[in-house]
Amino acid sequence: MACQENSAPAGSSGFGNCSRLAAALLFALALGPGAALCRPQEAAQEHLPPPRLASDKHVDAHVAEAIRQVSADHIRQTIEKLVSFQTRSTISAQDDESIKAGKGIGAAREWIKAEFERYSKACGGCLEVKTDSFTERPGERIPKPTEITNVYAVLRGSDPKQADRIVLVTGHYDSRNSDILNTTDLAPGANDDGSGTAVSLECARVLSQEAREKKFPATIIFLTVAGEEQGLNGSKHFAEMAKQQGWKLEAALNNDIVGGNIGPGQDAGVVRVFSEGLPAAASEADIKRIRTLGRESDSTSRELARYIADVGRSYDAGVKPLLIFRLDRFLRGGDHYSFNQQGFAAVRFTEFREDFNRQHQNIRQDNASGIQYGDLAKFVDFDYVAHVARLNAATLAALASAPGPPANVKMLTKNLENDTTLTWEPSAGAAAYEVVWRSTSAADWEYVQPVGSGTRATLSVSKDNEIFGVRAVDASGHRSLPVIPEPER
Ligand SMILES: [Zn+2]
């Protein structure tokens, strides 16, 4: 080894795996004194800094300020208002009289719409408030044709070249009690999913205010869907619309049961983030390729989850994401799955420990045990919901501030060699690119190598031993989602 002396600093660098980092340093240091001796033949990049730990933070002061504006008190008002509609069952009343009386899903829908419009007025009309309505055919949980309405607000991206890139946050505003077909008795749904609806609304409020000062190049959508309890009907319709219209939807953050239920065993310091491994939309051929390449833990949803972990390290949201490498909890489903089915990256946020006596239950007290059943607002920890809203808002803002992920990322595998050469196409808004990598057995990215503004890099790290990704960064350091390279022969 001609460059042995160059690998010496690795031992004192604080990195865990000397041999792997030594290889990376060899690459970087190859460009210093004595470079001619050890420079890989294919190395196209020059004057590169040494690799960093991938856990390095990036903080945008505007985003940090925006998430400070999230208000637990405002979230409490939102959830209490949603509970006041008595039931938000998707098949409950939505006629004019019920809306006027403030009862049923129609009244909830009109209030959410008015709330988005109020936020828009406060930011000089920066939000486009929209509805996505359709008639659902009768089914097991829908006795007769039923109009279902998703309500959403669009904060249009400021860069014409990037405004077609979309990130979204969602929660479901419908609720249920013990009987899925009951349309009249109380179904407060404070936690499930008044909490998630409040997160989407609060993100809309603070980020629309922030947009007066800071430009978000990409578009952010704040969504609230109905029909979740009946069978994910609302999100299914919305995700299908996004797919049919060819939306460049990069991320969907689904918040469902993020109330931080007050009770034994709760951990208010974390929020679970569920992400699928094998993509729901993968074809047989896709699965074969995933198996061959060892990419079982690299779906776009999983990369999104890792991005949220990165945001969680960078910003003080008050709650840390706890990544769960699984689509959802046992016996349960959620709206993120509707997006996964259409091939979009989507994850689910849910509190650490759920209380099943308080979900999907009629309000009642059991005399013998003293247990209070029902999804009441008094069991919601509003500070916790605010923390989860901060993590969501920071993630949306970070993604919408970042350049688009690089396209057509390739890893050259023409020859047997121990180096790794990656190529990609430039992305709008990018000032530079970074290669991230981790051991095949590591859960999260470990190292990052800045590779300048070109579209090709060679690292002296073996593609056989590591998993690589390429991400774009702008001049201020905002990071895109990483893209896993496709092998090219
Ligand atoms: Zn739910």
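Numbering of ligands and ligand atoms starts at 1, following listing order. The figures here come from the full heavy-atom set of this structure, side chains too, leaving out hydrogens, waters and symmetry mates.
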Arg479/Asp56 ion pair, N-O < 4.0 Å:
no
Plane angle bin for Trp247 and Phe238 - parallel if under 30°, tilted between 30 and 60°, otherwise perpendicular
perpendicular
Tell me, which protein N/O/S atoms are under 2.8 Å away from the Zn ion (ligand 1)?
His172 NE2, Asp192 OD1, Asp256 OD1, Asp256 OD2
Glu97/Lys100 ion pair, N-O < 4.0 Å
no
Whether Tyr447 and Trp437 hold their rings parallel, tilted or perpendicular, with breakpoints at 30° and 60°
tilted
Quick check with a 6.0 Å cut-off and a 45 degree axis cone: is Arg302 positioned over the face of Phe325's six-membered ring?
yes
Side-chain donor-acceptor pairs under 3.5 Å in residues 78-86, sequence neighbours left out?
| unit_1 | atom_1 | unit_2 | atom_2 | d |
| --- | --- | --- | --- | --- |
| Thr78 | OG1 | His74 | O | 3.1 |
| Glu80 | OE1 | Arg76 | NH1 | 2.9 |
| Ser84 | OG | Lys81 | O | 2.6 |

